[in-house]
Asks: 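Could you have a look at this structure, given as structure tokens, before my questions?
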2 protein chains.
Amino acid sequence: MSGTRAARVTIHDIARELGISPSTVSRALSEGGVVSPATRQAVQDAAQQLGYETNRAARSMSLGRMHGLGLIVPDLRDPFFAEIAKDTQSRARVLDTAVYIADTDRDPAAELDVIRSMRREVDGFVVCAPRSADDALTAALDGAPSVIVHRSVDGFACITADLVDGMRQAIAHLRAIGHRRIAHVTGPAGSWSTAERLRGYELEVEPRDRIVIGPNADAFEGGVAAAERLLAAGATAVVTYNDFSALGLLSRLTALQVRIPQDLSIVGFDGLDVASVARPLTSVDVPRARAARMAVDVLLREAPGPQSSVVLPTQLIVRATTGPAPSQ
Amino acid sequence: MSGTRAARVTIHDIARELGISPSTVSRALSEGGVVSPATRQAVQDAAQQLGYETNRAARSMSLGRMHGLGLIVPDLRDPFFAEIAKDTQSRARVLDTAVYIADTDRDPAAELDVIRSMRREVDGFVVCAPRSADDALTAALDGAPSVIVHRSVDGFACITADLVDGMRQAIAHLRAIGHRRIAHVTGPAGSWSTAERLRGYELEVEPRDRIVIGPNADAFEGGVAAAERLLAAGATAVVTYNDFSALGLLSRLTALQVRIPQDLSIVGFDGLDVASVARPLTSVDVPRARAARMAVDVLLREAPGPQSSVVLPTQLIVRATTGPAPSQ
DNA sequence: TTGTAAGCGTTATCAT
DNA sequence: ATGATAACGCTTACAA
């Protein structure tokens with residue numbers, strides 16, 4: 001059984017089988033082809049029966065386009081991007097589109113390189129490229145249909161989340177339970193999302209009340225390093241730029257005998273499940289699965305442009321790392 | 001600047017530019033091509049200067065191979081597989097091969113489906129398919145060059161890790177610090193690696209001393225659920241089937257006021273960094289980056305077959321969740 | 001060493 | 001409605 005490891009079936013085989021021309025077969029097999037219903041049926045039956053599968057390379061060459069999409073992510077080890085990859089891929093599969101993946105290992109130069117080298121091989125890009133400069137990114141994409149995820153770049157379709165509002169929710173929650181000294185541990189310099197969260201923070205907190213610690217290149221280590229400065233500054237609560245930063249903070253503070261949330265409240269960002277295995281973390285959930293699916297839809301079903309941009313809502317999830325401000 | 005949104009540069013353009021024939025250009029650009037050093041240099045310079053990039057579709061059609069590889073993973077949200085994806089991708093890029101990724105969401109039927117639908121589009125597969133049956137997998141792959149990662153299937157090149165030895169190391173470590181009642185929390189039924197770890201456990205522990213808890217479909221929840229049974233059985237130490245299972249256990253035991261490692265020692269499996277953000281976990285490291293790189297190398301540089309199979313060593317990493325057995 | 005020419009499987013144009 | 005033919009860009013005998 002199955003042993004039919006034979007040479008691949010082509011439209012020529014079908015044509016010969018049916019005594020018609022390859023072009024007719026091609027027409028019968030393609031969407032808008034003009035053929036008699038009878039012929040179409042016969043061709044489809046024969047194709048089915050012979051086990052014909054269209055040769056994408058040949059079709060690509062003829063059409064000048066590939067049936068695939070390039071996904072650029074900075075680091076698959078980061079669960080945030082692993083989830084984006086998962087959902088990009090699953091949505092693309094529904095739309096019969098292959099996903100060609102490139103992990104740039106957080107190197108801005110690599111981001112541009114892989115884009116350039118894939119540009120001709122794919123129909124478009126879903127891009128998570130937090131590091132490279134706007135203009136360099138624009139130049140590298142060079143007109144290729146693209147959707148930028150989790151970052152806003154002029155002239156592109158961008159699927160982002162309302163981080164400013166997420167920050168507002170976090171701070172409102174902390175204030176409601178009595179906190180006044182609320183710090184912010186920021187992310188890597190030059191990242192769009194780091195800037196947005198900071199903007200949200202500055203919108204909510206008076207200049208004289210601000211405690212900003214950062215930038216921090218590494219999430220967990222940045223959190224660890226921030227702990228002492230946080231205490232020195234007299235903060236009773238902190239919003240970090242992502243969940244791993246919050247975990248770093250939590251780990252160091254616990255070592256310093258600081259009780260969470262009795263002595264200090266912590267709000268993370270992203271809402272990753274994996275971050276809560278250690279400790280139920282209050283966090284601002286950032287929709288990433290939904291962003292990925294929308295990105296694919298925009299890329300494959302529209303001519304993606306600035307008009308397709310979407311800002312998705314964020315949502316504070318209160319768990320066990322926030323509580324009333326210490327009374328003192 | 002950059003505005004060269006022109007038609008793609010082909011070898012014909014280079015040929016015309018240099019006043020030579022396209023075939024010479026092709027030869028100069030390909031590995032084993034026979035050309036005079038001078039010509040080769042000139043061609044490479046011109047290619048560089050004109051911004052030539054080879055058209056994969058055309059090359060695929062001519063060569064009959066795709067310069068692409070299919071990567072099948074059960075779940076990208078699982079850091080173990082996210083890391084495999086990352087390294088598969090990075091190694092493939094070095095070898096100028098595209099990676100088409102498919103996340104099967106732990107569905108055995110999906111594993112077979114995506115393999116069948118990608119089979120013609122790629123040169124081969126790197127397969128992480130812990131769930132589907134051996135024969136169904138074999139049938140779906142149907143002779144396509146394939147390397148199976150982290151599972152052993154007859155007739156295929158398999159890159160696995162020595163889980164039996166990892167288990168031996170874990171138990172030896174625990175015994176050396178006085179433990180006698182050592183339990184094992186197992187993984188999902190039907191998974192190759194679950195069976196291997198159990199086999200290692202049974203090799204080391206006398207039947208009358210065995211405490212096996214499982215199978216557990218979900219890692220973290222399985223760990224949580226195992227906690228009480230573990231205590232009831234009088235275990236002083238436990239080896240879990242992966243790190244998240246250990247974390248689930250840790251979380252529940254901590255809630256039960258059990259001190260780790262004073263009252264109970266825990267050894268995880270996999271050695272994930274992300275698992276140790278919460279608490280430095282003693283764990284058996286399973287090489288996954290290396291497995292991924294080897295899989296790609298075997299796939300692209302050999303005709304992969306059973307003779308290419310490799311068993312990689314595992315390595316116990318002692319951290320903070322194991323300690324001397326309680327004296328009493 | 002280099003050029004010529006055929007062919008990979010598909011789609012599109014143009015006749016018929 | 002269908003068939004012949006060219007074209008997509010590349011590789012590779014084969015010829016020179």
Side-chain angles (χ1 to χ4, degrees), chain A residues 6-47 50-68 96-98 117-123, chain B residues 6-47 50-68 96-98 119-123:
Chain A
R8 171 164 203 164
V9 179
T10 73
I11 54 173
H12 294 269
D13 298 323
I14 302 182
R16 190 168 346 98
E17 181 81 11
L18 264 46
I20 60 180
S21 84
S23 12
T24 303
V25 175
S26 173
R27 274 187 294 255
L29 256 21
S30 58
E31 288 295 294
V34 191
V35 234
S36 78
T39 312
R40 161 156 287 150
Q41 191 56 56
V43 169
Q44 287 175 341
D45 291 350
L50 296 177
Y52 170 80
E53 288 171 82
T54 135
N55 180 328
R56 282 176 131 110
R59 183 216 257 150
S60 295
M61 215 171 57
S62 188
L63 257 39
R65 27 162 288 154
M66 293 288 207
H67 216 62
D96 190 32
T97 298
S117 80
M118 288 172 64
R119 201 176 48 210
R120 302 299 199 167
E121 323 293 338
V122 298
D123 301 325
Chain B
R8 169 166 205 164
V9 179
T10 73
I11 54 173
H12 295 270
D13 298 321
I14 301 182
R16 193 168 344 101
E17 180 81 10
L18 265 45
I20 60 179
S21 85
S23 26
T24 302
V25 175
S26 172
R27 276 187 291 253
L29 257 21
S30 57
E31 288 295 294
V34 190
V35 236
S36 78
T39 314
R40 161 157 286 151
Q41 191 57 56
V43 168
Q44 286 175 342
D45 291 351
L50 296 178
Y52 169 80
E53 289 170 81
T54 134
N55 180 328
R56 285 181 128 104
R59 183 219 255 150
S60 295
M61 215 167 56
S62 185
L63 257 39
R65 29 164 288 151
M66 293 303 213
H67 275 261
D96 190 32
T97 298
R119 204 176 43 209
R120 297 299 198 165
E121 323 294 338
V122 298
D123 301 323

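All chains are named by letter (A, B, ...) in the order of the sequence lines, taking the proteins before the strands, and each is independently numbered beginning at 1.
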Asks: Using a 4.5 Å cut-off on heavy atoms from C-beta on, say whether the side chain of A:P37 contacts that of A:Q41.
Replies: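 Counting from C-beta outward, A:Q41 and A:P37 never come under 4.5 Å.
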Asks: Can you tell me how far P of C:dT11 sits from CZ of A:R56, to the nearest Å?
Replies: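 Result: 12 Å.
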Asks: Does B:T39 form a side-chain contact (heavy atoms from CB on, under 4.5 Å) with B:I20? I'd like the steps, not just the answer.
Replies: CA-CA 9 Å; B:T39 314; B:I20 60 179; 4.2 Å; yes
Asks: Could you say whether A:Y52 or B:V25 is positioned toward the 5' end of DNA chain C, judged by the nucleotide with the nearest heavy atom to each?
Replies: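 With A:Y52 and B:V25 compared, the 5'-side residue is B:V25.
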Asks: Report, one pair per line, the protein and nucleotides 14-16 of chain D atoms (nitrogen or oxygen only) whose separation is under 3.5 Å.
Replies:
none

Asks: With respect to the phosphate group of C:dT10, does any side-chain polar atom (N or O) of A:S30 fall under 4.0 Å of OP1 or OP2?
Replies: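 No, outside the criterion.
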Asks: Nearest nucleotide by nearest heavy atom, which residue falls closer to the 5' end of DNA chain D, B:L63 or A:V35?
Replies: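 Looking at the nearest nucleotide for each, A:V35 comes out on the 5' side.
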Asks: For DNA chain D, determine which residues of residues 14-22 of chain B have any heavy atom closer than 4.0 angstrom to one of its atoms, and list them numerically.
Replies: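 None, since no heavy atom is under 4.0 Å.
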Asks: Just to be sure I understand the rule, does A:T10 reach a base, reach only the sugar-phosphate, or reach nothing, if contact means heavy atoms closer than 4.0 Å?
Replies: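 Here A:T10 touches the backbone only, sparing every base.
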Asks: C:dG9 P sits how many Å from A:H67 NE2, rounded?
Replies: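 It works out to 20 Å between those atoms.
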Asks: Between B:M61 and A:M61, what is the shortest heavy-atom contact and its length?
Replies: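 Minimum heavy-atom separation between B:M61 and A:M61: CE-CE, 2.9 Å.
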Asks: Scan A:V34 against the nucleic acid and name what it touches under 4.0 Å (heavy atoms): base, sugar-phosphate only, or nothing.
Replies: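 Contact class for A:V34: base.
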Asks: Would the distance check show the side chain of A:R16 and the main-chain N or O of A:P22 forming a donor-acceptor pair, the cut-off being under 3.5 Å?
Replies: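 No; zero donor-acceptor contacts below 3.5 Å.
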Asks: Starting at CD1 of A:I11 and ending at P of C:dA12, how long is that distance when rounded to a whole Å?
Replies: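 Rounding to the nearest Å, CD1 of A:I11 and P of C:dA12 are 11 Å apart.
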Asks: Between B:L50 (CG) and D:dG9 (C1'), how many Å, whole number?
Replies: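 Nearest whole value for this atom pair: 16 Å.
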Asks: Within a strict 4.5 Å, meaning less than it, do heavy atoms of the A:R119 and B:E53 side chains meet?
Replies: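 Answer yes - side chains close enough.
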Asks: Could you state the atom-to-atom distance from CZ of A:R59 to C1' of D:dG9 in whole Å?
Replies: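 My rounded result for the distance is 18 Å.
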Asks: Nearest-Å distance, CG (B:L29) to P (C:dT2)?
Replies: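 After rounding, the reported distance stands at 14 Å.
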Asks: In whole Å, I'd like the distance from the CZ atom of A:R120 to the P atom of D:dC10.
Replies: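 My rounded result for the distance is 11 Å.
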Asks: If you take atom types as modelled and just measure distance, does the side chain of B:S23 reach the base of C:dT4 with a donor-acceptor pair under 3.5 Å?
Replies: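 Counting by modelled atom types and ignoring angles, a donor-acceptor contact under 3.5 Å is found here.
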Asks: Would a 4.5 Å heavy-atom cut-off, applied to side chains only, mark B:V25 and B:Y52 as touching?
Replies: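 No - every pair of side-chain heavy atoms lies 4.5 Å or more apart.
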Asks: Using side-chain contact (heavy atoms from CB on, under 4.5 Å) as the criterion, list what pairs up with B:S60, not counting sequence neighbours.
Replies: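 B:S60 satisfies side-chain contact (heavy atoms from CB on, under 4.5 Å) with A:A57, B:M66 once adjacent residues are dropped.
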Asks: Contact between A:L63 and A:R56 at the side-chain level, heavy atoms closer than 4.5 Å - yes or no?
Replies: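 No, every pair of side-chain atoms sits at 4.5 Å or beyond.
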Asks: Between A:N55 and B:R120, does a side-chain contact (heavy atoms from CB on, under 4.5 Å) hold up when you go through it step by step?
Replies: CA-CA 8 Å; A:N55 180 328; B:R120 297 299 198 165; over 6 Å; no
Asks: Quick one: is A:T24 getting a side-chain N or O under 4.0 Å of the D:dA1 phosphate, OP1 or OP2?
Replies: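 No, outside the criterion.
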Asks: Test your reading of the model: is there a side-chain donor-acceptor pair from A:D13 to the backbone of A:T10, 3.5 Å cut-off?
Replies: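 Yes, because the side chain of A:D13 sits within donor-acceptor range (under 3.5 Å) of the backbone of A:T10.
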Asks: Could you state the atom-to-atom distance from CE of B:M61 to C1' of D:dT11 in whole Å?
Replies: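 Answer to the nearest Å: 11 Å.
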Asks: Would you say B:S36 places a side-chain N or O within less than 4.0 Å of OP1 or OP2 belonging to C:dT1?
Replies: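 False: B:S36 side-chain N/O out of range (4.0 Å or more) of C:dT1 OP1/OP2.
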Asks: Under 4.0 Å between any heavy atoms, over every strand shown, what does A:T39 touch: base, sugar-phosphate, or nothing? Just pick one.
Replies: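 The answer is sugar-phosphate, as A:T39 gets under 4.0 Å only of primed atoms, P, OP1 or OP2.
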